[in-house]
There are 2 protein chains.
Amino acid sequence: MDKQNVTIYDVAREAGVSMATVSRVLNGNSNVRQTTKEKVLQVIDNLDYRPNAVARGLASKKTTTVGVIIPDVTDGYFSSLARGIDDIATMYNYNIILANSDDNPGKEASVLNTLLGKQVDGIIFMGNEIDDHLRDEFKRSDCPIVLAGSVDVNNSVPSVNIDYVDAVMNETNRLIQHGNQKIAFVSGPLKQAINKDYRLKGYKKALNSNHIPFSDDLVFETTSTYEDGYNLADELIKKNITAAVVTNDELAAGLLNAMTDRGVVVPDDFEIFTSNNTKLAKMLRPQLSSITQPLYDIGAVAMRLLTKIMNQEKIDDKYVVLGYEIEERQSTK
Amino acid sequence: MDKQNVTIYDVAREAGVSMATVSRVLNGNSNVRQTTKEKVLQVIDNLDYRPNAVARGLASKKTTTVGVIIPDVTDGYFSSLARGIDDIATMYNYNIILANSDDNPGKEASVLNTLLGKQVDGIIFMGNEIDDHLRDEFKRSDCPIVLAGSVDVNNSVPSVNIDYVDAVMNETNRLIQHGNQKIAFVSGPLKQAINKDYRLKGYKKALNSNHIPFSDDLVFETTSTYEDGYNLADELIKKNITAAVVTNDELAAGLLNAMTDRGVVVPDDFEIFTSNNTKLAKMLRPQLSSITQPLYDIGAVAMRLLTKIMNQEKIDDKYVVLGYEIEERQSTK
DNA sequence: CTGTTAGCGCCTTCAC
DNA sequence: GTGAAGGCGCTAACAG
């Protein structure tokens with residue numbers, strides 16, 4: 001009933017060599033004669049031997065697995081990053097332990113600790129907010145960590161992102177150029193730095209450079225769900241708002257559908273710009289205009305960066321900023 | 001530079017007990033005097049000691065991690081299952097190693113092997129097709145495996161599903177009751193058992209019981225992408241088809257949008273039923289009528305079942321069939 | 001090029 | 001209740 005009855009020792013005996021030699025061929029060590037190597041390989045095949053990664057991990061202090069903390073796999077934005085992460089991880093022979101955190105600081109800290117206990121070689125963290133406590137844990141962990149599509153105002157950890165300030169500023173500018181004066185900023189929780197310190201800042205910059213006064217009255221804070229977006233429509237209509245910059249695609253989808261359901265024609269009567277360009281944006285009608293982020297690449301680059309750090313390679317840039325585009329589809333004029 | 005400098009040995013020395021005792025309190029063994037237990041706990045806290053799960057795994061032959069093989073995290077159907085899986089896993093103190101397979105038999109077999117090498121305590125497999133080779137690997141693995149939202153015609157492995165035959169039959173029946181005679185079956189790859197042996201069968205049963213002849217001409221095999229659905233519209237229109245049962249939500253979304261973009265009014269001129277009730281279904285306009293599967297629960301129940309098997313508990317039913325509903329929204333009359 | 005010998009950090013009998 | 005000792009399966013010097 002053992003999962004793993006045949007060990008390196010069995011292989012060694014069967015092949016008439018020492019376990020060290022078997023270990024060498026397993027690890028691609030070149031110091032093995034071709035003929036013995038072949039013989040060992042042969043025996044491994046015959047015995048259907050599969051190295052025990054746990055034992056290997058204990059001995060070598062490397063588990064070839066990395067932890068991935070994600071708010072919610074079900075979210076199209078983060079799952080796209082996760083896909084990029086996993087593909088690159090696989091490419092470099094790593095596996096990922098995926099853990100959902102719901103953006104909950106308690107869960108994040110807790111899962112971080114269990115990951116460290118499992119001796120992951122590195123961690124990719126995705127989350128909308130990094131508080132002091134978490135930053136401390138990161139520091140104390142003594143484990144390579146990279147943020148993917150997530151922002152740390154202190155830049156205390158390597159990260160891969162786009163320029164959120166710039167992107168939102170550009171969106172807002174376009175909306176202004178389209179003639180809108182009352183533009184809503186529809187956001188996820190403002191305690192999240194990515195919303196408050198980056199996106200909102202971009203929004204304000206655009207208003208400012210166009211001499212439009214900023215008003216708290218046009219800032220709508222939500223929990224980023226489809227329903228939140230849907231429920232917001234009436235209020236926006238009542239305030240005679242004619243356009244919105246939205247920080248999340250599902251949120252934008254809710255707003256869009258609510259508008260349409262109320263007979264408000266998008267984009268003629270109301271324009272919407274969203275932020276993440278998940279699959280969803282193109283599947284809606286009208287299609288959502290959006291910042292087009294290289295989602296897969298953000299994950300992929302983050303994982304690649306992590307491999308370099310784990311590997312102690314020299315890093316050119318610990319704070320990668322990838323390019324983005326703005327694609328105007330059908331939800332803007 | 002060690003990730004884990006303080007070991008159980010340090011704790012033992014510091015607390016003036018043996019490592020065996022420390023191990024006991026760590027594992028909740030009752031044979032420890034209350035006072036010593038408290039002392040040990042105190043030292044653990046002081047030293048910021050964190051047990052090394054790898055060493056523990058080697059010694060105990062339990063890793064408290066399970067492998068999860070998924071076609072693509074980016075797919076709303078599977079990511080919902082994955083969320084259910086992770087939540088229950090967390091509840092039972094397991095972590096999940098998530099691996100994308102793209103439904104590719106080669107990748108599936110390969111990742112299965114690396115998971116087994118990592119000594120996972122169990123595996124949840126999601127995939128649209130299980131071929132003989134994979135079934136063999138499952139059997140040989142001698143590792144608890146549960147299928148989630150995935151079907152094995154041979155029932156060689158415990159699984160959690162809904163009754164796909166019945167569900168598709170019901171959908172088709174409704175379409176027939178709505179007066180449709182030419183109903184398309186728009187499917188993912190027909191080499192996948194879930195499509196060919198279950199859904200298609202349900203479609204045929206409905207036709208049959210309504211004395212409508214089955215025609216291969218109305219079966220459309222695709223790769224299940226949004227684009228596939230979009231590109232199919234013209235053909236369906238040309239054939240004067242008035243309704244479709246679709247096996248995948250993104251596929252259905254593509255078809256829906258293509259119809260709308262071509263001026264075909266859904267549901268007046270064309271009805272659509274989809275199969276998975278992912279978030280997407282309700283976000284589209286018109287909203288997609290669908291089989292409403294308990295996605296999260298399928299994952300959750302599968303993981304719960306797996307814990308029972310890993311725990312050698314008695315299992316009432318190794319082939320769980322969860323209930324489903326059919327929800328008619330706006331894409332059907 | 002190959003074998004020997006220690007551990008890696010923890011669990012788990014088995015004594016006391 | 002607690003300690004001592006022997007692995008778990010593999011890697012990593014160190015010899016030869």
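Below, chains carry the letters A, B, ... as their sequence lines are ordered, and counting in each starts from 1.
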Are OP1 or OP2 of dT11(D) and a side-chain N or O of Asn27(A) less than 4.0 angstrom apart? yes
Between Ala55(B) and Gly16(B), name the one whose nearest nucleotide on DNA chain D is closer to the 5' end. Gly16(B)
Determine the contact category for Val17(B): base if any of its heavy atoms lies under 4.0 Å from a base atom, sugar-phosphate if only primed atoms, P, OP1 or OP2 are that close, otherwise nothing. sugar-phosphate
Please determine whether a side-chain nitrogen or oxygen atom of Thr21(B) lies at a distance below 4.0 Å from atom OP1 or OP2 of dT2(D). no
Protein-nucleotide distance (Arg33(B), atom CZ; dT2(D), atom C1'), rounded to Å: 9 Å
Any salt bridge linking Asp10(A) with Arg13(A)? Criterion: basic side-chain nitrogen under 4.0 Å from a carboxylate oxygen. yes
Tell me whether the side-chain N or O atoms of Arg50(A) pair up with the base of dG9(D) as donor and acceptor below 3.5 Å, since no angle test is needed here. no
Given atom CG of Leu58(B) and atom P of dC11(C), what is their separation to the nearest angstrom? 11 Å
Taking only the side-chain nitrogens and oxygens of Tyr49(A), find out if one of them lies under 4.0 Å from OP1 or OP2 of dC10(D). yes
Base, sugar-phosphate, or nothing for Val22(B), non-hydrogen atoms under 4.0 angstrom? nothing
Presence of Ser18(A) side-chain N/O under 4.0 Å of dG3(C) phosphate oxygens OP1/OP2: yes
What's the CZ-P distance between Arg24(A) and dT2(C), to the nearest Å? 8 Å
